[in-house]
2 protein chains.
Amino acid sequence: MALAEAILVCLTERPMSGYDLAKNFDASIGFFWRASHQQIYRELGRLREKGYVLSEEVSQNGKPNRIIHTLTPAGKKALRDWSTKPAKHPSLKDDLLVKFYALENVDLDALKDQMTIRIEQHQTKLVKYVRIKERYYDGKDLDLTQKGKLIVLEQGILQESQTIERLEDMMVKLGNL
Amino acid sequence: MALAEAILVCLTERPMSGYDLAKNFDASIGFFWRASHQQIYRELGRLREKGYVLSEEVSQNGKPNRIIHTLTPAGKKALRDWSTKPAKHPSLKDDLLVKFYALENVDLDALKDQMTIRIEQHQTKLVKYVRIKERYYDGKDLDLTQKGKLIVLEQGILQESQTIERLEDMMVKLGNL
DNA sequence: GGCAACATGTAACTTGTTACATGATTCC
DNA sequence: GGAATCATGTAACAAGTTACATGTTGCC
(Lines give C-alpha, C1' and ligand atoms only; values in the text may rest on other atoms or scores of the structure.)
Protein backbone atom coordinates (compact mmCIF):
# COMPACT_ATOMS: atom_id res chain seq x y z
CA MET A 1 0.00 0.00 0.00
CA ALA A 2 1.66 3.13 -1.18
CA LEU A 3 -0.97 5.74 -0.43
CA ALA A 4 0.70 6.25 2.94
CA GLU A 5 4.05 6.64 1.24
CA ALA A 6 2.71 8.92 -1.47
CA ILE A 7 1.49 11.21 1.29
CA LEU A 8 4.83 11.05 3.07
CA VAL A 9 6.55 11.88 -0.23
CA CYS A 10 4.37 14.97 -0.59
CA LEU A 11 5.20 16.02 2.93
CA THR A 12 8.94 15.87 2.25
CA GLU A 13 8.41 18.99 0.19
CA ARG A 14 6.72 20.96 2.96
CA PRO A 15 4.21 20.51 5.79
CA MET A 16 0.66 20.53 4.45
CA SER A 17 -2.97 20.28 5.45
CA GLY A 18 -5.19 17.44 4.26
CA TYR A 19 -6.76 19.88 1.87
CA ASP A 20 -3.40 20.79 0.36
CA LEU A 21 -2.58 17.12 -0.02
CA ALA A 22 -5.86 16.44 -1.77
CA LYS A 23 -5.04 19.20 -4.23
CA ASN A 24 -1.57 17.77 -4.77
CA PHE A 25 -3.14 14.42 -5.51
CA ASP A 26 -5.25 16.19 -8.08
CA ALA A 27 -2.22 17.76 -9.65
CA SER A 28 1.43 16.78 -9.41
CA ILE A 29 1.76 13.43 -7.69
CA GLY A 30 -1.79 12.55 -8.71
CA PHE A 31 -0.53 12.11 -12.28
CA PHE A 32 0.52 8.62 -11.28
CA TRP A 33 -1.22 8.07 -7.96
CA ARG A 34 -4.79 9.20 -7.54
CA ALA A 35 -6.55 9.50 -4.20
CA SER A 36 -9.70 11.20 -2.99
CA HIS A 37 -9.80 13.55 -0.03
CA GLN A 38 -11.65 10.95 2.04
CA GLN A 39 -8.87 8.47 1.57
CA ILE A 40 -6.28 11.06 2.43
CA TYR A 41 -7.94 12.10 5.67
CA ARG A 42 -8.32 8.47 6.72
CA GLU A 43 -4.71 7.73 5.94
CA LEU A 44 -3.48 10.86 7.73
CA GLY A 45 -5.16 9.55 10.87
CA ARG A 46 -3.19 6.32 10.60
CA LEU A 47 0.07 8.09 9.88
CA ARG A 48 -0.47 10.23 12.95
CA GLU A 49 -1.08 7.12 15.08
CA LYS A 50 2.13 5.56 13.81
CA GLY A 51 4.04 8.73 14.56
CA TYR A 52 5.03 9.30 10.95
CA VAL A 53 3.44 12.72 10.86
CA LEU A 54 2.84 15.41 13.47
CA SER A 55 -0.51 17.19 13.16
CA GLU A 56 -0.99 20.69 14.51
CA GLU A 57 -4.02 22.91 14.29
CA VAL A 58 -3.30 26.39 13.02
CA SER A 59 -5.89 29.14 13.26
CA GLN A 60 -6.21 31.56 10.39
CA ASN A 61 -7.89 34.95 10.58
CA GLY A 62 -11.38 34.50 9.27
CA LYS A 63 -10.83 31.25 7.38
CA PRO A 64 -11.54 27.95 9.10
CA ASN A 65 -8.66 26.39 11.00
CA ARG A 66 -6.27 24.17 9.15
CA ILE A 67 -4.49 21.10 10.46
CA ILE A 68 -0.92 21.10 9.26
CA HIS A 69 0.84 17.75 9.00
CA THR A 70 4.61 17.60 9.30
CA LEU A 71 6.81 14.64 8.40
CA THR A 72 8.63 13.29 11.47
CA PRO A 73 12.09 11.66 11.45
CA ALA A 74 10.30 8.33 11.95
CA GLY A 75 8.21 9.07 8.87
CA LYS A 76 11.30 9.90 6.87
CA LYS A 77 12.87 6.63 7.92
CA ALA A 78 9.73 4.68 6.99
CA LEU A 79 9.89 6.30 3.57
CA ARG A 80 13.49 5.28 2.98
CA ASP A 81 12.76 1.73 4.15
CA TRP A 82 9.80 1.51 1.80
CA SER A 83 11.92 2.75 -1.09
CA THR A 84 14.14 -0.32 -0.89
CA LYS A 85 11.26 -2.75 -1.13
CA PRO A 86 10.38 -4.09 -4.58
CA ALA A 87 7.91 -1.98 -6.50
CA LYS A 88 4.62 -3.62 -7.37
CA HIS A 89 3.58 -3.89 -10.96
CA PRO A 90 1.21 -1.02 -11.63
CA SER A 91 -2.44 -2.07 -11.56
CA LEU A 92 -3.92 -1.90 -14.98
CA LYS A 93 -7.62 -1.69 -15.47
CA ASP A 94 -9.03 -0.25 -18.61
CA ASP A 95 -12.71 -0.35 -19.46
CA LEU A 96 -12.11 0.82 -22.96
CA LEU A 97 -9.84 -2.07 -23.88
CA VAL A 98 -12.25 -4.56 -22.33
CA LYS A 99 -14.87 -3.23 -24.71
CA PHE A 100 -12.63 -3.98 -27.68
CA TYR A 101 -12.49 -7.54 -26.51
CA ALA A 102 -16.05 -8.33 -27.50
CA LEU A 103 -16.68 -6.09 -30.48
CA GLU A 104 -19.67 -8.13 -31.61
CA ASN A 105 -21.46 -7.51 -28.33
CA VAL A 106 -20.74 -3.84 -28.12
CA ASP A 107 -22.17 -0.62 -29.53
CA LEU A 108 -19.51 0.49 -32.02
CA ASP A 109 -20.66 4.10 -32.35
CA ALA A 110 -20.67 4.53 -28.59
CA LEU A 111 -17.21 3.02 -28.48
CA LYS A 112 -15.93 5.52 -31.03
CA ASP A 113 -17.34 8.38 -28.98
CA GLN A 114 -15.58 7.06 -25.91
CA MET A 115 -12.33 6.82 -27.83
CA THR A 116 -12.66 10.46 -28.86
CA ILE A 117 -13.24 11.51 -25.26
CA ARG A 118 -10.30 9.45 -24.09
CA ILE A 119 -8.01 11.04 -26.66
CA GLU A 120 -9.09 14.50 -25.52
CA GLN A 121 -8.39 13.61 -21.90
CA HIS A 122 -4.86 12.60 -22.75
CA GLN A 123 -4.36 15.77 -24.77
CA THR A 124 -5.44 17.86 -21.79
CA LYS A 125 -2.99 16.03 -19.59
CA LEU A 126 -0.21 16.46 -22.10
CA VAL A 127 -0.74 20.21 -22.29
CA LYS A 128 -0.75 20.42 -18.49
CA TYR A 129 2.54 18.54 -18.20
CA VAL A 130 4.23 20.60 -20.89
CA ARG A 131 3.16 23.83 -19.18
CA ILE A 132 4.47 22.67 -15.82
CA LYS A 133 7.77 21.73 -17.39
CA GLU A 134 8.15 25.08 -19.12
CA ARG A 135 7.13 27.07 -16.09
CA TYR A 136 9.00 25.33 -13.31
CA TYR A 137 11.87 23.36 -14.78
CA ASP A 138 13.18 24.68 -18.10
CA GLY A 139 16.38 26.64 -17.79
CA LYS A 140 16.54 26.37 -14.01
CA ASP A 141 19.20 24.98 -11.71
CA LEU A 142 17.72 21.90 -10.10
CA ASP A 143 18.51 19.97 -6.93
CA LEU A 144 18.26 16.18 -6.69
CA THR A 145 14.57 16.10 -5.76
CA GLN A 146 13.65 18.49 -8.53
CA LYS A 147 15.63 16.43 -11.02
CA GLY A 148 13.63 13.37 -10.00
CA LYS A 149 10.38 15.19 -10.56
CA LEU A 150 11.59 16.40 -13.93
CA ILE A 151 12.44 12.85 -14.97
CA VAL A 152 8.90 11.75 -14.11
CA LEU A 153 7.40 14.76 -15.85
CA GLU A 154 9.33 14.14 -19.06
CA GLN A 155 8.38 10.49 -18.99
CA GLY A 156 4.75 11.59 -18.51
CA ILE A 157 4.94 13.89 -21.51
CA LEU A 158 6.33 11.13 -23.71
CA GLN A 159 3.81 8.64 -22.39
CA GLU A 160 0.86 10.89 -23.06
CA SER A 161 1.88 11.74 -26.59
CA GLN A 162 2.55 8.10 -27.41
CA THR A 163 -0.77 7.08 -25.89
CA ILE A 164 -2.57 9.63 -28.04
CA GLU A 165 -0.87 8.27 -31.15
CA ARG A 166 -1.84 4.72 -30.28
CA LEU A 167 -5.46 5.64 -29.56
CA GLU A 168 -5.70 7.51 -32.84
CA ASP A 169 -4.36 4.46 -34.60
CA MET A 170 -7.00 2.31 -32.91
CA MET A 171 -9.68 4.76 -34.02
CA VAL A 172 -8.58 4.42 -37.62
CA LYS A 173 -8.67 0.65 -37.36
CA LEU A 174 -12.11 0.81 -35.79
CA GLY A 175 -13.32 2.94 -38.68
CA ASN A 176 -11.96 0.51 -41.28
CA LEU A 177 -13.65 -2.62 -39.94
CA MET B 1 -17.23 -1.64 -11.77
CA ALA B 2 -16.15 -3.54 -14.81
CA LEU B 3 -15.01 -6.83 -13.32
CA ALA B 4 -18.53 -8.13 -13.88
CA GLU B 5 -18.40 -6.98 -17.48
CA ALA B 6 -14.92 -8.33 -18.05
CA ILE B 7 -16.23 -11.73 -16.99
CA LEU B 8 -19.24 -11.41 -19.27
CA VAL B 9 -16.91 -10.47 -22.12
CA CYS B 10 -14.90 -13.63 -21.52
CA LEU B 11 -18.06 -15.70 -21.54
CA THR B 12 -19.10 -14.36 -24.95
CA GLU B 13 -16.32 -16.49 -26.32
CA ARG B 14 -17.50 -19.73 -24.73
CA PRO B 15 -19.01 -21.01 -21.48
CA MET B 16 -16.33 -21.42 -18.83
CA SER B 17 -15.70 -22.49 -15.27
CA GLY B 18 -14.41 -20.10 -12.63
CA TYR B 19 -11.07 -21.77 -12.98
CA ASP B 20 -10.97 -21.14 -16.72
CA LEU B 21 -11.90 -17.52 -16.14
CA ALA B 22 -9.13 -17.10 -13.59
CA LYS B 23 -6.67 -18.42 -16.14
CA ASN B 24 -8.04 -16.07 -18.77
CA PHE B 25 -7.54 -13.20 -16.35
CA ASP B 26 -3.98 -14.34 -16.03
CA ALA B 27 -3.52 -14.37 -19.75
CA SER B 28 -5.55 -12.67 -22.47
CA ILE B 29 -8.00 -10.24 -20.93
CA GLY B 30 -5.81 -9.98 -17.85
CA PHE B 31 -3.36 -7.92 -19.90
CA PHE B 32 -5.53 -4.92 -19.16
CA TRP B 33 -7.81 -6.13 -16.38
CA ARG B 34 -6.35 -8.19 -13.57
CA ALA B 35 -8.44 -10.19 -11.11
CA SER B 36 -7.73 -12.96 -8.64
CA HIS B 37 -9.67 -16.20 -8.52
CA GLN B 38 -11.31 -15.13 -5.25
CA GLN B 39 -12.72 -12.04 -6.87
CA ILE B 40 -13.93 -13.99 -9.84
CA TYR B 41 -15.79 -16.58 -7.78
CA ARG B 42 -17.44 -13.84 -5.72
CA GLU B 43 -18.46 -11.95 -8.82
CA LEU B 44 -19.79 -15.09 -10.50
CA GLY B 45 -22.11 -15.53 -7.53
CA ARG B 46 -23.52 -12.05 -8.10
CA LEU B 47 -23.85 -12.53 -11.83
CA ARG B 48 -25.77 -15.74 -11.20
CA GLU B 49 -28.11 -13.92 -8.81
CA LYS B 50 -28.77 -11.24 -11.41
CA GLY B 51 -29.45 -13.88 -14.02
CA TYR B 52 -26.59 -12.77 -16.26
CA VAL B 53 -25.01 -16.19 -16.21
CA LEU B 54 -26.35 -19.70 -15.89
CA SER B 55 -24.23 -22.03 -13.78
CA GLU B 56 -24.34 -25.75 -14.27
CA GLU B 57 -22.31 -28.44 -12.57
CA VAL B 58 -20.67 -30.87 -14.93
CA SER B 59 -19.12 -34.06 -13.67
CA GLN B 60 -15.90 -35.25 -15.24
CA ASN B 61 -14.57 -38.73 -15.03
CA GLY B 62 -12.06 -38.76 -12.24
CA LYS B 63 -11.38 -35.00 -12.06
CA PRO B 64 -13.37 -32.90 -9.63
CA ASN B 65 -16.63 -31.49 -10.92
CA ARG B 66 -16.57 -28.19 -12.73
CA ILE B 67 -19.22 -25.50 -12.68
CA ILE B 68 -19.70 -24.15 -16.16
CA HIS B 69 -21.04 -20.62 -16.48
CA THR B 70 -22.95 -19.64 -19.61
CA LEU B 71 -23.83 -16.11 -20.67
CA THR B 72 -27.61 -15.61 -20.73
CA PRO B 73 -29.47 -13.27 -23.12
CA ALA B 74 -29.97 -10.94 -20.14
CA GLY B 75 -26.23 -10.98 -19.59
CA LYS B 76 -25.60 -10.19 -23.22
CA LYS B 77 -27.99 -7.27 -23.01
CA ALA B 78 -26.32 -5.99 -19.84
CA LEU B 79 -23.02 -6.10 -21.68
CA ARG B 80 -24.28 -4.06 -24.60
CA ASP B 81 -25.87 -1.52 -22.24
CA TRP B 82 -22.62 -1.18 -20.34
CA SER B 83 -20.71 -0.67 -23.58
CA THR B 84 -22.59 2.55 -24.29
CA LYS B 85 -21.75 4.09 -20.92
CA PRO B 86 -18.72 6.36 -20.75
CA ALA B 87 -15.46 4.57 -20.03
CA LYS B 88 -13.72 5.55 -16.83
CA HIS B 89 -10.21 6.87 -16.97
CA PRO B 90 -7.93 3.97 -16.20
CA SER B 91 -6.67 3.94 -12.63
CA LEU B 92 -3.03 4.75 -12.51
CA LYS B 93 -0.97 3.83 -9.51
CA ASP B 94 2.72 3.38 -9.83
CA ASP B 95 4.99 2.87 -6.87
CA LEU B 96 8.07 3.31 -8.94
CA LEU B 97 7.18 6.81 -10.11
CA VAL B 98 6.23 7.83 -6.59
CA LYS B 99 9.76 6.92 -5.57
CA PHE B 100 11.19 9.26 -8.19
CA TYR B 101 9.23 12.03 -6.59
CA ALA B 102 11.40 12.23 -3.50
CA LEU B 103 14.83 11.19 -4.76
CA GLU B 104 16.58 12.70 -1.76
CA ASN B 105 14.66 10.45 0.62
CA VAL B 106 15.08 7.29 -1.33
CA ASP B 107 17.72 4.60 -1.73
CA LEU B 108 19.03 5.19 -5.25
CA ASP B 109 20.70 1.81 -5.74
CA ALA B 110 17.55 0.00 -4.70
CA LEU B 111 15.60 2.17 -7.11
CA LYS B 112 17.89 1.22 -9.98
CA ASP B 113 17.42 -2.45 -9.17
CA GLN B 114 13.68 -2.00 -9.22
CA MET B 115 13.89 -0.26 -12.57
CA THR B 116 15.83 -3.20 -13.99
CA ILE B 117 13.21 -5.64 -12.74
CA ARG B 118 10.42 -3.52 -14.14
CA ILE B 119 12.06 -3.39 -17.55
CA GLU B 120 12.41 -7.17 -17.56
CA GLN B 121 8.74 -7.57 -16.67
CA HIS B 122 7.73 -5.47 -19.64
CA GLN B 123 10.04 -7.41 -21.91
CA THR B 124 8.44 -10.67 -20.81
CA LYS B 125 5.02 -9.26 -21.54
CA LEU B 126 6.12 -8.00 -24.92
CA VAL B 127 7.44 -11.41 -25.93
CA LYS B 128 4.19 -13.03 -24.79
CA TYR B 129 2.07 -10.64 -26.85
CA VAL B 130 4.19 -11.06 -29.96
CA ARG B 131 3.97 -14.84 -29.70
CA ILE B 132 0.21 -14.76 -29.33
CA LYS B 133 -0.08 -12.50 -32.35
CA GLU B 134 2.10 -14.73 -34.48
CA ARG B 135 0.40 -17.91 -33.38
CA TYR B 136 -3.26 -16.95 -33.48
CA TYR B 137 -3.68 -13.91 -35.70
CA ASP B 138 -1.02 -13.52 -38.37
CA GLY B 139 -2.17 -14.59 -41.81
CA LYS B 140 -5.60 -15.74 -40.62
CA ASP B 141 -9.08 -14.68 -41.68
CA LEU B 142 -10.60 -12.91 -38.72
CA ASP B 143 -14.18 -12.18 -37.69
CA LEU B 144 -15.22 -8.95 -35.96
CA THR B 145 -14.49 -10.14 -32.43
CA GLN B 146 -11.08 -11.48 -33.40
CA LYS B 147 -10.28 -8.22 -35.14
CA GLY B 148 -11.07 -6.34 -31.93
CA LYS B 149 -8.75 -8.59 -29.98
CA LEU B 150 -6.03 -8.10 -32.56
CA ILE B 151 -6.36 -4.32 -32.28
CA VAL B 152 -5.89 -4.55 -28.52
CA LEU B 153 -3.00 -6.96 -28.91
CA GLU B 154 -1.19 -4.71 -31.37
CA GLN B 155 -1.74 -1.71 -29.15
CA GLY B 156 -0.34 -3.78 -26.26
CA ILE B 157 2.77 -4.66 -28.25
CA LEU B 158 3.40 -1.03 -29.12
CA GLN B 159 2.71 0.07 -25.56
CA GLU B 160 5.11 -2.41 -24.05
CA SER B 161 7.96 -1.58 -26.40
CA GLN B 162 7.48 2.14 -25.87
CA THR B 163 7.32 1.65 -22.12
CA ILE B 164 10.59 -0.27 -22.19
CA GLU B 165 12.23 2.56 -24.14
CA ARG B 166 11.00 5.15 -21.68
CA LEU B 167 12.14 3.15 -18.67
CA GLU B 168 15.57 2.67 -20.20
CA ASP B 169 15.77 6.39 -20.78
CA MET B 170 14.89 7.01 -17.13
CA MET B 171 17.61 4.58 -16.08
CA VAL B 172 20.20 6.52 -18.06
CA LYS B 173 19.07 9.77 -16.47
CA LEU B 174 19.22 8.17 -13.04
CA GLY B 175 22.78 7.07 -13.73
CA ASN B 176 23.85 10.55 -14.81
CA LEU B 177 22.63 12.41 -11.73
C1' DG C 1 6.48 -39.92 -2.08
C1' DG C 2 6.24 -35.23 -3.69
C1' DC C 3 5.03 -31.62 -6.70
C1' DA C 4 2.36 -29.32 -10.21
C1' DA C 5 -1.94 -28.55 -12.12
C1' DC C 6 -6.93 -29.03 -11.64
C1' DA C 7 -10.97 -27.19 -9.16
C1' DT C 8 -13.78 -24.40 -5.81
C1' DG C 9 -14.49 -21.83 -2.27
C1' DT C 10 -14.57 -18.88 2.78
C1' DA C 11 -12.87 -15.30 6.09
C1' DA C 12 -10.62 -11.35 7.40
C1' DC C 13 -8.78 -7.34 6.17
C1' DT C 14 -7.36 -3.20 3.41
C1' DT C 15 -8.42 0.05 -0.24
C1' DG C 16 -11.22 2.86 -2.93
C1' DT C 17 -15.81 5.11 -4.05
C1' DT C 18 -20.11 7.54 -3.29
C1' DA C 19 -22.97 10.05 -0.63
C1' DC C 20 -23.71 12.81 3.21
C1' DA C 21 -22.68 16.72 6.44
C1' DT C 22 -21.16 21.37 7.85
C1' DG C 23 -19.78 26.01 7.69
C1' DA C 24 -16.89 30.20 6.35
C1' DT C 25 -15.13 33.58 2.76
C1' DT C 26 -14.66 35.67 -1.74
C1' DC C 27 -16.04 37.02 -6.15
C1' DC C 28 -19.69 38.18 -9.52
C1' DG D 1 -28.28 36.23 -3.74
C1' DG D 2 -25.60 32.43 -5.62
C1' DA D 3 -21.58 29.98 -6.96
C1' DA D 4 -16.86 28.75 -6.21
C1' DT D 5 -13.23 27.83 -3.16
C1' DC D 6 -11.54 26.88 1.37
C1' DA D 7 -11.55 23.30 5.01
C1' DT D 8 -12.55 18.91 7.48
C1' DG D 9 -14.65 15.05 8.24
C1' DT D 10 -18.21 10.45 8.79
C1' DA D 11 -20.79 6.38 7.04
C1' DA D 12 -21.88 2.89 4.05
C1' DC D 13 -20.62 0.22 0.59
C1' DA D 14 -17.83 -1.93 -3.27
C1' DA D 15 -13.57 -3.79 -4.80
C1' DG D 16 -9.18 -5.91 -4.12
C1' DT D 17 -5.69 -8.66 -1.33
C1' DT D 18 -3.94 -12.26 1.69
C1' DA D 19 -4.42 -16.21 4.07
C1' DC D 20 -6.80 -20.25 4.85
C1' DA D 21 -9.16 -24.64 3.49
C1' DT D 22 -9.89 -29.00 0.88
C1' DG D 23 -9.42 -32.71 -2.23
C1' DT D 24 -8.14 -34.98 -6.99
C1' DT D 25 -5.19 -36.56 -10.91
C1' DG D 26 -1.00 -37.23 -13.35
C1' DC D 27 3.80 -37.12 -13.79
C1' DC D 28 8.62 -37.92 -12.21
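Per chain, numbering begins at 1; letters A, B, ... match sequence-line order.
Regarding B:Asp20, its CG atom lies at a distance of 13 Å from the C1' atom of C:dA5, rounded to whole Å. Put simply, CZ on A:Phe25 is 16 Å from C1' on C:dT17, counting in whole angstrom units. Across the protein-nucleic acid pair, A:Arg48 atom CZ and D:dT8 atom C1' stand 11 Å apart, rounded to whole Å. Atom pair A:Leu3:CG and C:dG16:P shows a separation of 6 Å (rounding to whole Å applied). Residue B:Glu49 contributes atom CD, which lies 12 Å from atom P of D:dA14 at whole-angstrom precision. Atoms CZ (B:Arg46) and C1' (D:dG16) sit 11 Å apart, rounded to a whole Å. Look at CG on B:Leu92: it is 12 Å from P on C:dG16, rounded to the nearest Å. Following rounding to the nearest Å, A:Glu43 (CD) and D:dG9 (P) show an atom-to-atom distance of 14 Å.
Within 4.0 Å (heavy atoms only), B:Lys88 reaches no atom of the nucleic acid at all. Across all strands shown, A:Arg34 has no heavy atoms under 4.0 Å from either base or sugar-phosphate atoms. At a threshold of 4.0 angstrom between heavy atoms, the contacts of A:Ser17 are confined to the sugar-phosphate backbone, with no base atom among them.
An OP1 or OP2 oxygen of D:dT17 is reached within less than 4.0 angstrom by a side-chain nitrogen or oxygen of B:Gln39. An OP1 or OP2 oxygen of D:dT8 is reached within less than 4.0 angstrom by a side-chain nitrogen or oxygen of A:Tyr41. For the pair A:Lys93 and D:dG16, the criterion of a side-chain N or O lying under 4.0 Å from OP1 or OP2 is met. Using a 4.0 Å cut-off, no side-chain N or O of A:Tyr19 falls inside it from OP1 or OP2 of D:dT8.
Side-chain contact check for A:Asp113 and A:Thr116: no donor-acceptor pair (N or O, by modelled atom type) lies under 3.5 Å.
Map A:Trp33 and B:His37 each onto its nearest nucleotide of DNA chain C; the residue landing nearer the 5' end is B:His37. Nearest-nucleotide assignment on DNA chain C puts the 5′-proximal partner with B:Ile67, out of B:Ile67 and A:Gln38.
A salt bridge does not link B:Lys85 with B:Asp81: none of the charged nitrogens is closer than 4.0 Å to a carboxylate oxygen. Salt bridge status for B:Asp138 with B:Lys133: present, with a side-chain N to carboxylate O gap under 4.0 Å. A salt bridge links A:Glu43 to A:Arg46: one of the charged nitrogens lies within less than 4.0 Å of a carboxylate oxygen.
Ring planes of A:Tyr129 and A:Phe31: tilted class, angle from 30 to 60°.
Candidate nucleotides D:dC6, C:dT17, D:dT17 were compared by shortest atom distance to the side chain of B:Arg42, and D:dT17 ranks first.
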